[in-house]
Amino acid sequence: MTDKVALGRQGEIFVMQKLMENGWNFPKNYNSVMDGLDWIFEKDSRIIKIQVKTSKTLKSFSHKGKKSFDYLIFTNLVDIYPIPIEMLKVSDKIAKTHEKLKNKLILLEKSKNKGL
C-alpha cells in the first residue's frame with residue numbers, strides 16, 4: 001500500500017469517527033448503496049453521501065468530474081472540513097475555504113439534500 005493510499009484510508013477512518021461521535025450511523029443498506037463513495041451516513045432518517053480528501057497540509061485541492069456525493073470532507077487528521085456540494089463548482093480549487101469550515105458539522109445538518 002502506498003503512502004498516499006494509507007493517508008487516504010486514515011482520513012476516511014478519521015471522518016467516520018468524527019461523524020459517528022456526532023450521531024451519524026451507517027444506513028442498513030450501506031453495502032448496496034456505496035457505488036464508489038467513501039462513506040454513506042444516516043441520521044434522523046436522512047442519508048448523506050460523503051467523499052473524503054486527506055492531506056496533512058490542506059493547502060490546495062481540486063475536485064473535478066462527476067460529483068455523486070452530497071459533501072466533500074477535507075481532513076488533515078486533526079479536524080474535518082465539510083463542504084456541501086452546493087458550494088463546489090466543476091473546477092473549484094479550494095485553498096482557504098476549508099479554514100472557515102473547520103469542524104462545521106452543522107453544515108451536514110442543513111444541506112438541501114434529503115438523501116438517496
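Side chains included, hydrogens not; waters and symmetry mates left out as well; all remaining heavy atoms used.
Every residue meeting the side-chain contact (heavy atoms from CB on, under 4.5 Å) condition with Gln17, not counting sequence neighbours, appears here in chain and number order: Glu21. Take Ile13 and apply the side-chain contact (heavy atoms from CB on, under 4.5 Å) test, not counting sequence neighbours, and it matches Met16.
The only member of Tyr71, Phe69, Phe26 that meets side-chain contact (heavy atoms from CB on, under 4.5 Å) when paired with Trp39 is Phe26.
Closest approach of Phe14 and Ile80 over heavy atoms only: CE2-CG2, 3.7 Å. Taking all atoms of both residues into account, the shortest heavy-atom contact from Ile47 to Asp70 is O-OD2, 4.0 Å. The two residues Ile50 and Leu37 make their nearest non-hydrogen contact at O-CB, 4.1 Å. Residues Pro27 and Ile40 come closest through the heavy atom pair CD-O, 3.3 Å.
Side-chain atoms of Gln51 and Asp38 include a donor-acceptor pair closer than 3.5 Å.
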- request: Please lay out, stage by stage, how Phe41 and Met20 fare under the test side chain to side chain contact (heavy atoms under 4.5 Å, CB included).
  value: CA-CA 9 Å; Phe41 284 96; Met20 293 182 97; 4.0 Å; yes
query: Would Lys53 and Tyr81 satisfy side chain to side chain contact (heavy atoms under 4.5 Å, CB included), going step by step from the backbone distance to the final call?
result: CA-CA 10 Å; Lys53 293 289 182 184; Tyr81 309 92; over 6 Å; no
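Here the side chains of Thr54 and Val15 are not in contact, with every heavy-atom distance at 4.5 Å or above.
Side chain of Asn76 to main chain of Asp79: a donor-acceptor pair is present (N/O by atom type, distance under 3.5 Å, no hydrogens or angles). Between the side chain of Lys43 and the backbone N or O of Ile48, no donor-acceptor pair lies under 3.5 Å. Not one N or O on the side chain of Asn25 forms a donor-acceptor pair closer than 3.5 Å with the backbone of Glu42.
Rounding to the nearest 0.5 Å places CG of Asp44 at 9.0 Å from CZ of Arg46. One distance of note links NZ of Lys18 with CD1 of Ile73; it measures 11.5 Å at 0.5 Å rounding.
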